[in-house]
Peer 1: 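Here it is, the structure in full.
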Amino acid sequence: MKKILWGATMLSGAIVPHMGFAQDNQAQLSDGGLEEIIVTAQRREESLQRAAIAVTAVTGDDLTRSGITETSNLGKLVPALVVQPTGGTTSFFLRGVGTNSQNSFSENAIAFNFNGVYVGRPTAPAGVFYDLERVEVVKGPQGTLYGRNATGGAINVLPKKPVLGKFGVEGLAEYGNYDSKKGFLAVNIPFGETAALRVAGQVVDRDGYISDGYDDDKGEAVRASFLLKPSDLWSINIVGDYYHQGGKGSGAVLLPSKAFAVPSLDDRVSISDARAIAAINGYASTLFAPPFCAGGFIASGCIENAGKDGYLDNHFYGLSAQVDGDMGFATLSVIPAWRKSEADFRTYLPGFRGEIQDNAEQMSLEARLTSAADQRLRYVLGGFFFNEQQDTLNYFRQGRISTTRFTPRLKTQSLAAFGQLTFDLSDSLRLIAGGRYTREDKSQLTASVAGGLPGPVDPSLGAPITGDLTFTKFTWKAGVEFDAGPASLVYANVATGFKSGGFFVASPPNNSFRPESLTAYTIGAKNRFFDNKLQLNIEAFYWDYKDQQVTFVGGVQTGNGIFAQGSLTSNAGKSRIFGAEAEARFAPTRDDLFNLNVQYLNGKYKSLQTANFSPTGAPVTTGCTITGSRLANPGINGARFYDIDCSGKPTVNSPKWAINMGYQHSFHIGGDMVLVAGARSNIESSRYMNSNFRDEEQQGSFMMSDAFLTLEGPQDKWSITAFINNIEDKEVLARAGTRPILDFPVGTLRPPRTYGVRVGFNL
């Protein structure tokens, strides 16, 4: 398939250069005004400017122009969103709310939806960023209209649908530095006037951004959509997709340390590079090692350095349908879906080896009844069913001193009934009320074992443990909307969100955590001025976050009865988050467009207390207060717990200021051709990357800028684009953490300066 897709896209690119991109991500009218963008963030089609929620809509054309083919780069277009790679998985944070996904037990606190289908696994939001209509990022708890785990918001990825009655072909070929090659091809085939098939595929092949080849991007994807619409009263759209993710995966670098000299971040030296290993070995030789680590940590093999053999070999499959029927008074939508992920990867992202095989299969069914838009009382009513089964193997090896292996078999079933009502008190004043009742059942069958000197290094798995959890929750929303003018909307609401509890790898009874909840208070306004030439949207919010699920490296009791270092989740956090966001777009003429998005975010942990674990008993490094310590395994080894209080610290991944600004201009050069020049900058203040609050794991303030120059042919039939991203070549952290035992910081970097040319067509 890969050879066929490459051949087709490169041939098409050679015959006719590039598809015509829309001239901006909020398309402009011929007189310079801003065109309305239709979104479905509230489960019905409505203008973005009439949706009384904070939502950012990014078109598929703008994603292509920005070179985004993987989830981890989405955050640069949405200032409120932080996307964090965690070694084969992806973690999302919106306005400071999120989860560090570290193993097969993890679930995100931001709901990720593809083609209207909730995707459960953090490994699975990959390979979908091509041939898209748009991406919607909904900010704030979505406890009414969305399915599971939408504590902080939702990300909706919406692919293009087949077009009835029209044959079309689109193609794109791109080449850039780091030997980056991308190819895309889509074909729309009509069958009469009532049916159409759209088939799209993409291949990506790029070398790694850091030494030893890590931070590469390799994958092949294909998607087929079949639309049948025999009448205006009903339709069915069936979508099947497949993605293979290969390459070495995300890598890590040594962060500047107070303890020893490390290679400069400017050189992007992998932790598996000989230069980094020499620095680590020199530092490790100065540390006291237990007697059984004769010759020191490294020489004895007690601690292993990162290797060059990391890999991704992940396969993702999906099949879904959406049936819409017009019943006169309302539209009935039924969405059955099946998804399967087969993840197999080895990563050194945390500084040591992690090997995960995670096979997950989910089935879901959602049914919604959406009233007609011209009624005084409008509603969305529905039900949701979700079932997921996982069969996994997780193996983490720091060396002969510490190994952990566990094999979770997890089952999750979620049932929900929901509804949201809008009632017109007058032509300009509306009341909003909604609620969702959720019941979630989880079970596990997990065998685990911890090993390491002076005992067996890789002992046999212990007897499997079982567990069952049930959670029920009613979440709700209430609000008011007021039309302050023909193009001005003012709104205020209170909404709640909920993420169910779950298990982590440990022996009972201390192997589970409770649900978390969030209550959000919001007031905002959306406005258009000067004949739709100026758009100004503002929102202020206050979030009360309780029983926050915090994942950290702690001590977990294993199947052989001793405490070992592992990923632990507890309801350790309680925080308050408030801020404001302003978004402005100005199109004074059809050839000019200005964009500005400014977010102020103030997050603080009112309470955050954890018990960190040291396998050797050595003190742990933290930016918080150590309130005490105690032996973890008396009479067995010197491991200790250290009680840490981080109360009063800022919430993680929460830059106080985030600014995204841009400008583009179109030059009409004759022959119906247009030259479009544009640039944008992303500016963020400093933030901590995880809840340990080490100074070395803080990303300082930065500015990162992109620019492009596009020549568009007549009637948008082709175009040629030259682009450059991260003009400043700034080293910006995407993730940071501590390499246990040796206790030094490691991090993952965002992409460096990249540039290239893309060509394509749209026939």
Peer 1: Does CZ in Phe529 sit with more than 12 non-hydrogen atoms of other residues, nucleotides or ligands closer than 6.0 Å?
Peer 2: yes
Peer 1: Are Arg223 and Pro159 packed together at the side-chain level, in the sense that at least one heavy-atom pair is separated by less than 4.5 angstrom?
Peer 2: yes
Peer 1: With sequence neighbours excluded, what pairs up with Phe423 under the ring pair (Phe, Tyr, Trp, His ring centres under 6.0 Å) test?
Peer 2: none
Peer 1: Which residues pass the side-chain contact (heavy atoms from CB on, under 4.5 Å) test with Lys574, not counting sequence neighbours?
Peer 2: Lys606, Ser607
Peer 1: Heavy atoms, side chains only, cut-off 4.5 Å: are Arg368 and Leu145 in contact?
Peer 2: no
Peer 1: Report the C-alpha distance between Thr519 and Val494 in whole Å, list the side-chain angles of each, state the deciding distance to 0.1 Å, and finish with yes or no for side chain to side chain contact (heavy atoms under 4.5 Å, CB included).
Peer 2: CA-CA 7 Å; Thr519 303; Val494 182; 4.0 Å; yes
Peer 1: Going by atom types only, do Ser333 and Asp324 share a side-chain donor-acceptor pair under 3.5 Å?
Peer 2: yes
Peer 1: What residues, two or more places apart in sequence or in another chain, satisfy side-chain contact (heavy atoms from CB on, under 4.5 Å) together with Met703?
Peer 2: Ser681, Ile683, Ser705, Glu728
Peer 1: Given the rule in the side chain to side chain contact (heavy atoms under 4.5 Å, CB included) test, do Leu675 and Ser666 qualify, once you have shown the distances and angles that lead to the verdict?
Peer 2: CA-CA 6 Å; Leu675 184 66; Ser666 299; over 6 Å; no
Peer 1: Is the shortest side-chain N to carboxylate O distance from Lys526 to Asp483 below 4.0 Å?
Peer 2: no
Peer 1: By side chain to side chain donor-acceptor pair (under 3.5 Å), which residues pair with Glu581, not counting sequence neighbours?
Peer 2: Arg95, Lys139, Asn597
Peer 1: Enumerate the salt bridge (charged side-chain N to carboxylate O under 4.0 Å, His left out) contacts for residues 649-663, please, sequence neighbours excluded, ordered by first and then second residue.
Peer 2: none
Peer 1: Under 3.5 Å, side chain of Gln699 to main-chain N/O of Arg687, donor-acceptor pair present?
Peer 2: no
Peer 1: Residues two or more places apart in sequence or in another chain: which of them pass side-chain contact (heavy atoms from CB on, under 4.5 Å) with Ile432?
Peer 2: Gln420, Thr422, Glu481
Peer 1: Hey, would you say the Tyr118 and Phe386 ring centroids sit under 6.0 Å apart?
Peer 2: yes
Peer 1: According to side chain to side chain donor-acceptor pair (under 3.5 Å), who are the partners of Asn237, at least two apart in sequence or on a separate chain?
Peer 2: none
Peer 1: Taking the six-membered ring for Trp, is the centroid-to-centroid distance between Trp543 and Phe578 below 6.0 Å?
Peer 2: no
Peer 1: Sequence neighbours excluded, which residues qualify as ring pair (Phe, Tyr, Trp, His ring centres under 6.0 Å) partners of Phe385?
Peer 2: none
Peer 1: For Tyr146, does the six-membered ring have the charged nitrogen or CZ of Arg43 within the cation-pi criterion, i.e. under 6.0 angstrom from the centroid and within 45° of the normal?
Peer 2: yes
Peer 1: Could you check whether Ser575 and Gln548, counting side-chain N and O atoms only, form a donor-acceptor pair closer than 3.5 Å?
Peer 2: yes
Peer 1: Is any side-chain heavy atom of Leu415 less than 4.5 Å from a side-chain heavy atom of Tyr437?
Peer 2: no
Peer 1: State, to 0.1 Å, how close Pro655 and Leu601 come at their nearest heavy-atom pair, and which atoms those are.
Peer 2: O-CB, 3.5 Å
Peer 1: Looking only at atom types and distance, does a side-chain atom of Thr370 sit under 3.5 Å from a main-chain N or O of Arg44, one as donor and one as acceptor?
Peer 2: no
Peer 1: How many angstroms lie between atom CG of Leu421 and atom CG of Leu381, to the nearest 0.5 angstrom?
Peer 2: 6.5 Å
Peer 1: Considering all heavy atoms of both residues, which atom of Ser91 and which atom of Asn108 are nearest to each other, and what is their separation?
Peer 2: CA-OD1, 3.5 Å
Peer 1: Quiz question: by atom type and distance under 3.5 Å, do the side chains of Asn493 and Tyr491 form a donor-acceptor pair?
Peer 2: no
Peer 1: Begin from the C-alpha positions of Arg750 and Asn726 and carry the test side chain to side chain donor-acceptor pair (under 3.5 Å) through to its verdict.
Peer 2: CA-CA 10 Å; Arg750 293 189 191 178; Asn726 190 3; over 6 Å; no
Peer 1: State whether a side-chain donor-acceptor pair under 3.5 Å links Thr438 with Arg148.
Peer 2: no
Peer 1: Phe474 and Trp476: aromatic ring centres closer than 6.0 Å?
Peer 2: no
Peer 1: State, to 0.1 Å, how close Glu539 and Ile53 come at their nearest heavy-atom pair, and which atoms those are.
Peer 2: OE1-C, 4.3 Å
Peer 1: Does either side chain, that of Arg585 or that of Asn537, offer a donor lying less than 3.5 Å from an acceptor on the other one?
Peer 2: no
Peer 1: Determine whether a donor-acceptor pair (N or O, by modelled atom type, separation under 3.5 Å) exists between the side chain of Asn188 and the backbone of Val163.
Peer 2: yes
Peer 1: Quick one: closest heavy-atom pair of Ser371 and Ala330, and the distance?
Peer 2: CA-CB, 3.8 Å
Peer 1: Heavy atoms only: give me the nearest Leu227-Ser235 pair and the separation to one decimal.
Peer 2: CD1-CB, 4.4 Å
Peer 1: Between the main-chain N or O of Leu518 and the side-chain N or O of Asp544, is there a donor-acceptor pair closer than 3.5 Å?
Peer 2: no
Peer 1: List for me each residue that meets side chain to side chain donor-acceptor pair (under 3.5 Å) alongside Asn653, sequence neighbours excluded, and say none if there are none.
Peer 2: none
Peer 1: My understanding is that only residues two or more places apart in sequence, or in another chain, count here; which of them pass salt bridge (Lys or Arg N to Asp or Glu O under 4.0 Å) with Arg198?
Peer 2: Asp131, Glu170
Peer 1: For Arg528 and Gln535, does a side-chain donor sit closer than 3.5 Å to a side-chain acceptor?
Peer 2: yes
Peer 1: Who are the side chain to side chain donor-acceptor pair (under 3.5 Å) partners of Thr472, not counting sequence neighbours?
Peer 2: none
Peer 1: Could you check Val676 against Phe667 for side chain to side chain contact (heavy atoms under 4.5 Å, CB included), going step by step and ending with a plain yes or no?
Peer 2: CA-CA 6 Å; Val676 184; Phe667 301 89; over 6 Å; no
Peer 1: Indicate the atoms forming the closest heavy-atom contact of Gly96 with Ser654, along with that distance.
Peer 2: CA-OG, 3.1 Å
Peer 1: Kindly confirm or rule out a cation-pi arrangement of Arg680 over Tyr663, judged by NZ or CZ under 6.0 Å from the six-membered ring centre and within 45° of its axis?
Peer 2: no
Peer 1: Do we see a donor-acceptor contact under 3.5 Å between the side chains of Ser414 and Glu440?
Peer 2: yes
Peer 1: In chain order, what residues pass the side-chain contact (heavy atoms from CB on, under 4.5 Å) check against Ala484, with sequence neighbours excluded?
Peer 2: Phe482, Ser488, Val490
Peer 1: Regarding His665 and Asp592, do their side chains bring together a donor and an acceptor under 3.5 Å, going by distance alone?
Peer 2: yes
Peer 1: Would you find a donor on one side and an acceptor on the other, under 3.5 Å apart, between the side chain of Gln375 and the backbone of Leu377?
Peer 2: yes
Peer 1: Is a side-chain donor-acceptor pair under 3.5 Å present for Asp547 with Gln549?
Peer 2: no
Peer 1: Could you state the interatomic distance from CG (Asp716) to CG (Asn762), rounded to the nearest 0.5 Å?
Peer 2: 8.0 Å
Peer 1: Within a strict 4.5 Å, meaning less than it, do heavy atoms of the Val380 and Leu369 side chains meet?
Peer 2: no
Peer 1: Using side-chain heavy atoms (C-beta onward) and a distance below 4.5 Å, is Phe384 in contact with Arg436?
Peer 2: yes
Peer 1: Less than 4.5 Å apart, any side-chain heavy atom of Arg134 and any of Thr40?
Peer 2: yes
Peer 1: Do Arg430 and Leu489 make a side-chain contact, defined as non-hydrogen atoms from C-beta onward lying under 4.5 Å apart?
Peer 2: yes
Peer 1: Distance-only, no hydrogens or angles: does the Asp424 side chain make a donor-acceptor pair with backbone N or O of Ser426 under 3.5 Å?
Peer 2: no
Peer 1: Are the charged groups of Arg376 and Asp427 less than 4.0 angstrom apart, N to O?
Peer 2: no
Peer 1: So do Thr651 and Val97 actually touch side chain to side chain, heavy atoms under 4.5 Å?
Peer 2: no
